Amino acid sequence: MSKTYSSAERAYREVKERILTGELPGGELISEGEIATLLGTSRTPVREAFLRLETEGWMRLYPKRGALIVPVPSHEAEHVIHARYVVETGAVRALADTDRTALMPRLRASLDTQRALAAARDLDEFAVVDADFHREYVVAADNPLLTGFYDSLRERQRRMNSVALRHGETDTDLIIEQHTRLADLIEAGDPTGFAAALAEHLMDVHRVKLRGL
């Protein structure tokens, strides 16, 4: 039983990672058989993985036809971006009156990593580091409730970043330039300037209009 569970967990993780990176794009129909062949396993653990992914909203199962990778709905993208804006600006406001000397080296190191990944055209890892860059200053605000809520958005954030990069809807140079600007504003203790720069950044990357801004 443990072997079956282990195979199902592996299938779940492998397929989900391919969804998050955009390797399995929204709108694509896949079958248990092709995923089982890809992973070198039987259909049973793949079927269990598909059921779990359907429960989480990543797939829609159609008997005898396969599994549809659910695209990112336009309204979901808007909701995720707005939630991120609220949390990130709130975190930076809280940081404005604190000592940020420990945070800044981490943000600068992240920017160096982003430049290296952009040069290597490693877009999947760039999307991960992109998400981690924003998380750094949310965590630094030292509010576990904000951090927990922000982390609940992480997988959808990763997928949106990957989709934008893979489709060429934005470019890494622009992202790095805007991230550098955000880091500078955090270091300067300017939450108002940060809020404006973050809104511009999120709308540029995801082509989503933030209502009320």
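Numbers for residues simply follow the sequence, beginning at 1. This structure is a prediction, so every number in the text was calculated from the model and none was measured.
- At a threshold of 4.5 Å between non-hydrogen side-chain atoms, the residues I175 and H201 count as touching.
- Residue T180 holds its OG1 atom at 8.0 Å from CD of E177, rounded to the nearest 0.5 Å.
- Counting only heavy atoms from C-beta outward, the side chains of L107 and L103 approach each other to under 4.5 Å.
- Residue-environment remark: CZ (R84) exceeds the threshold of 12 foreign heavy atoms within 6.0 Å.
- V92 is not listed as a side-chain neighbour of E88, based on a closest heavy-atom distance of 4.5 Å or more.
- In this structure the side chain of T147 reaches within 4.5 angstrom of the side chain of R135, judged on heavy atoms.
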Q: Run the numbers on R154 and V128 for side-chain contact (heavy atoms from CB on, under 4.5 Å), then give the verdict.
A: CA-CA 9 Å; R154 178 179 173 80; V128 174; 3.8 Å; yes
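- Between H134 and Y137, the ring planes are perpendicular. Angles over 60° get that label, and only those under 30° would be called parallel.
- Rounded to the nearest 0.5 Å, atoms CG (D130) and OG1 (T113) are 12.5 Å apart.
- Shortest non-hydrogen contact noted between Q157 and A131 is NE2-CA, 3.5 Å.
- Side-chain heavy atoms closer than 4.5 Å link hydrophobic residues (I, L, V, M, F, W, Y) into clusters, and following such links, even through other members, never connects L153 to L20.
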Q.
Between Q178 and D204, does the side-chain hydrogen bond (donor to acceptor under 3.5 Å, both in side chains) criterion hold? Intermediate values first, please.
A. CA-CA 10 Å; Q178 293 180 335; D204 281 349; 2.7 Å; yes
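- Taking OG from S7 and CD from E48, the interatomic distance works out to 9.0 Å, rounded to the nearest 0.5 Å.
- R158 has no carboxylate O lying under 4.0 Å from a charged side-chain N of D124, or vice versa, which leaves the two without a salt bridge.
- A heavy-atom distance below 4.5 Å is not found between the side chains of H75 and V80.
- Y85 and L146 fall within a single hydrophobic cluster, where Ile, Leu, Val, Met, Phe, Trp and Tyr are joined by side-chain heavy atoms under 4.5 Å apart, directly or via other members.
- Here the closest heavy-atom approach between residue L61 and residue P63 is recorded as O-CD, 4.0 Å.
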Q: For salt bridge (charged side-chain N to carboxylate O under 4.0 Å, His left out), just list the numbers for R106 and D132, CA-CA rounded to whole Å, side-chain angles, deciding distance to a tenth of an Å, and then say yes or no.
A: CA-CA 10 Å; R106 296 198 298 273; D132 288 343; over 6 Å; no
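- Looking only at side-chain heavy atoms (C-beta outward), F126 and R121 stay at 4.5 Å or farther from each other.
- The structure places OG1 of T172 at 7.0 Å from CG of L123, a figure rounded to the nearest 0.5 Å.
- Both L39 and L53 belong to a common hydrophobic cluster when Ile, Leu, Val, Met, Phe, Trp and Tyr are linked at side-chain heavy-atom distances under 4.5 angstrom.
- Residues A183 and L111 approach most closely at CB-CD1, 4.3 Å, considering heavy atoms.
- S42 pairs by the side chain to side chain contact (heavy atoms under 4.5 Å, CB included) definition with T44, P45, not counting sequence neighbours.
- Side-chain atoms of S110 and V129, non-hydrogen and from C-beta on, do get closer than 4.5 Å to each other.
- Salt bridge present: R108 and D184 bring a charged side-chain N and a carboxylate O closer than 4.0 Å.
- With values rounded to the nearest 0.5 angstrom, F194 atom CZ is found 13.5 Å from E187 atom CD.
- Scanning both residues, I186 and R100, for their nearest heavy atoms gives O-NE, 2.7 Å.
- Taking the charged nitrogens against the carboxylate oxygens, E9 and R13 do have a contact shorter than 4.0 Å, which makes a salt bridge.
- Note on M59: it does not cluster hydrophobically with V72, by side-chain heavy-atom contacts below 4.5 Å among ILVMFWY residues.
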Q.
For Y12 and E17: C-alpha separation, side-chain torsions, deciding distance, then whether side-chain hydrogen bond (donor to acceptor under 3.5 Å, both in side chains) applies.
A. CA-CA 8 Å; Y12 164 78; E17 183 65 16; over 6 Å; no
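- Taking CD of Q114 as the start and CG of D173 as the end, the distance is 11.5 Å to the nearest 0.5 Å.
- A cation-pi contact, defined as under 6.0 Å to the ring centre and within 45° of the axis, is absent between R159 and W58.
- Between D112 and R115 there is a salt bridge, with a side-chain nitrogen of the basic residue lying less than 4.0 Å from a carboxylate oxygen of the acidic one.
- In this structure, K16 pairs ionically with E56, as a charged nitrogen and a carboxylate oxygen lie closer than 4.0 Å.
- T98 contributes a side-chain N or O that, together with a main-chain N or O of L95, makes up a donor-acceptor pair within less than 3.5 Å.
- Taking every heavy atom of both residues into account, L29 and E34 meet most closely at O-OE2, 4.2 Å.
- A chain of hydrophobic side-chain contacts below 4.5 Å, direct or via other Ile, Leu, Val, Met, Phe, Trp or Tyr residues, connects F149 to L198.
- Across all their heavy atoms, A94 and A141 have their closest contact at CB-CB, 4.3 Å.
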